[in-house]
Amino acid sequence: EVQLVESGGGLVQPGGSLTLSCATSGFYFDQYGIQWYRQAPGKERERVGGIGSVRNVEYSDFAKGRFTLSRDRMKATVTLQLNALNPEDTADYYCSVLISGVRHWGQGTRVTVAS
């Protein structure tokens, strides 16, 4: 069974940082790219970025220069480092993997940016 478990969310002040993790199981981690999305209250889910199986990364414009993706094949985990956070980054953050045409999601982790 494919499983994705996000962790690391919480409350942070503007300008602060958080490290989100996505622990995976149930599939061959080395073969798949992992995507991160977020959904703010009352808004559509949007893509944050993704890291491919060969560690190629891409970010949405709002994430460039502030967020960093990395992956650890030994732990089958993807990390999303969030820096220079602002209140507009408040959202539930989800990791996701597409396997054989099916997109699997974690349960999400909430990030709240407030003073």
Side-chain angles (χ1 to χ4, degrees):
E1 179 188 4
V2 174
Q3 289 195 324
L4 303 139
V5 180
E6 301 93 336
S7 61
L11 173 65
V12 63
Q13 292 188 342
S17 299
L18 279 176
T19 302
L20 307 184
S21 293
C22 173
T24 74
S25 61
F27 63 98
Y28 189 39
F29 179 77
D30 285 355
Q31 287 189 340
Y32 293 92
I34 304 295
Q35 310 297 316
W36 280 88
Y37 291 77
R38 70 181 188 182
Q39 187 166 19
K43 295 189 176 181
E44 297 282 321
R45 188 171 294 190
E46 63 180 349
R47 186 170 175 269
V48 176
I51 183 166
S53 58
V54 292
R55 291 184 169 80
N56 48 309
V57 294
E58 53 181 352
Y59 302 97
S60 294
D61 286 345
F62 65 82
K64 290 176 182 176
R66 299 191 300 132
F67 298 174
T68 303
L69 282 162
S70 60
R71 60 189 292 155
D72 183 334
R73 66 186 302 266
M74 297 301 293
K75 297 180 180 179
T77 297
V78 170
T79 297
L80 176 62
Q81 176 68 38
L82 309 175
N83 296 322
L85 287 163
N86 58 62
E88 290 70 36
D89 296 315
T90 294
D92 292 323
Y93 285 72
Y94 301 87
C95 58
S96 176
V97 63
L98 182 66
I99 299 174
S100 299
V102 177
R103 182 162 292 282
H104 301 267
W105 298 90
Q107 83 289 347
T109 186
R110 179 157 294 178
V111 172
T112 303
V113 185
S115 55

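Computed from a predicted structure; not experimentally measured.
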For T79 against S21, the heavy-atom pair lying closest together:
OG1-OG, 4.1 Å
No-hydrogen, no-angle side-chain donor-acceptor test under 3.5 Å, S53 and Q31:
no
The reported gap from CG in L20 to OG1 in T77 (rounded to nearest 0.5 angstrom) is 12.5 Å
Minimum heavy-atom distance between G9 and V111, given as atom pair plus value
CA-CG2, 4.2 Å
Taking the six-membered ring of F62 as reference, does the NZ or CZ atom of R38 fall below 6.0 Å from its centre and within a 45° cone about the axis?
yes
Closest heavy-atom contact between D72 and F29?
O-CE2, 3.7 Å
Joint hydrophobic cluster, L4 plus I99, side-chain heavy atoms closer than 4.5 Å:
yes
Same cluster (ILVMFWY, side-chain, under 4.5 Å), I34 and V57
yes
Between E6 and Q107 (side chain of the first, backbone of the second, donor and acceptor by atom type, cut-off under 3.5 Å), is there such a pair?
yes
Taking C-beta and beyond as the side chain, do P14 and N86 meet within less than 4.5 Å on heavy atoms?
no
Flag yes if L18 and V5 sit in one hydrophobic cluster, no otherwise; membership is Ile, Leu, Val, Met, Phe, Trp, Tyr, and two members link when side-chain heavy atoms are under 4.5 Å apart.
no
Report the distance from atom SG of C95 to atom CD1 of I51, rounding to the nearest 0.5 Å.
12.5 Å
Report the residues that fulfil ring-ring contact (aromatic ring centres under 6.0 Å, His included) with Y59, sequence neighbours left out, ordered by chain and then residue number.
none
All ring-ring contact (aromatic ring centres under 6.0 Å, His included) counterparts of Y94, not counting sequence neighbours
none
With rounding to the nearest 0.5 Å, note down the distance linking OH in Y32 to OG in S100.
5.0 Å
Closer than 3.5 angstrom, by distance alone: can the side chain of Q3 be matched with the main-chain N or O of G26 as a donor-acceptor pair?
no
According to salt bridge (charged side-chain N to carboxylate O under 4.0 Å, His left out), does anything in residues 13-25 pair up with another residue at least two apart or in another chain? List the pairs.
none
Hydrophobic clustering (ILVMFWY, side-chain heavy atoms < 4.5 Å, transitive) - are L98 and Y93 grouped together?
no
Can a salt bridge be assigned to the pair R47 and E58 using a cut-off of 4.0 Å between side-chain N and carboxylate O?
yes
Separation of T109 OG1 from D92 CG (nearest 0.5 Å)
8.0 Å
If two hydrophobic side chains count as joined below 4.5 Å and joins carry through other members, does Y37 share a cluster with L80?
no
How far does CZ of F67 sit from OG of S17, to the nearest 0.5 angstrom?
9.5 Å
Residues A63 and V48: closest non-hydrogen pair is CB-O, 3.8 Å
Do the non-hydrogen side-chain atoms of V97 and T24 ever get within less than 4.5 Å of each other?
no
Closest approach of D89 to R66 (non-hydrogen atoms, all atoms of both residues)
OD2-NH1, 2.7 Å
Check: S96 side chain, H104 main-chain N or O, donor-acceptor pair, under 3.5 Å:
yes
Between the CG atom in L82 and the OG1 atom in T19, the distance rounded to the nearest 0.5 Å is 7.5 Å
Of all heavy-atom pairs between T112 and R110, which one has the smallest distance, and what is that distance?
OG1-CG, 3.8 Å
Does a sphere of radius 6.0 Å around CZ in R73 hold more than 12 heavy atoms from other residues, nucleotides or ligands, not counting ones at 6.0 Å or beyond?
no
